[in-house]
Amino acid sequence: MDLIEVTPDGQMRLNFHGGQWQAWKSQKRFIAVLAGTQSGKTSFGPLWLYREIQRCGPGDYLGVTPTF
């Protein structure tokens with residue numbers, strides 16, 4: 001199943017797994033998605049951040065990740 005699908009009536013359906021839904025539904029100020037490789041962080045992050053920007057309006061936003 002794809003992460004995002006478009007229904008026949010043109011609506012977008014998000015197919016998150018349990019951990020992604022937990023982060024999506026959280027109303028906390030700071031959200032941390034800590035998970036291993038292939039857990040969906042990279043595909044989930046942009047969708048969540050876009051929604052938060054739409055919900056909260058103008059301001060400063062960070063997407064933070066460690067690097068080697």
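Atom CG of Leu3 sits about 10.0 Å away from atom CD of Glu5, to the nearest 0.5 Å. For the atom pair CG (Asn15) and CD1 (Ile4), the distance works out to 9.0 Å, reported to the nearest 0.5 Å. Within the model, atoms CD of Gln22 and CD1 of Ile31 stand 9.5 Å from one another, a figure rounded to the nearest 0.5 Å.
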Please output the side-chain donor-acceptor pairs of residues 42-51 that fall under 3.5 Å, not counting sequence neighbours, one pair per line with the distance.
{"from": "Ser43", "atom 1": "OG", "to": "Gly40", "atom 2": "O", "distance (Å)": "3.3"}
{"from": "Arg51", "atom 1": "NH1", "to": "Trp24", "atom 2": "O", "distance (Å)": "2.9"}
{"from": "Arg51", "atom 1": "NH2", "to": "Trp24", "atom 2": "O", "distance (Å)": "2.9"}

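Other residues, nucleotides and ligands contribute over 12 non-hydrogen atoms within 6.0 Å of the CG atom of Asp9. Summarising the local packing, CD of Gln54 is surrounded by more than 12 heavy atoms from other residues, nucleotides or ligands at distances under 6.0 Å.
Lys41 contributes no side-chain N or O that, together with a main-chain N or O of Val33, makes up a donor-acceptor pair within less than 3.5 Å. Judged purely by atom type and a 3.5 angstrom limit, Lys28 has no side-chain atom pairing as donor or acceptor with the backbone of Ala23.
Cluster annotation: Met12 and Trp21 are assigned to the same hydrophobic cluster (Ile/Leu/Val/Met/Phe/Trp/Tyr, side-chain heavy-atom contacts under 4.5 Å, transitive).
Applying the salt bridge (Lys or Arg N to Asp or Glu O under 4.0 Å) criterion to Arg55, with sequence neighbours excluded, gives Glu52.
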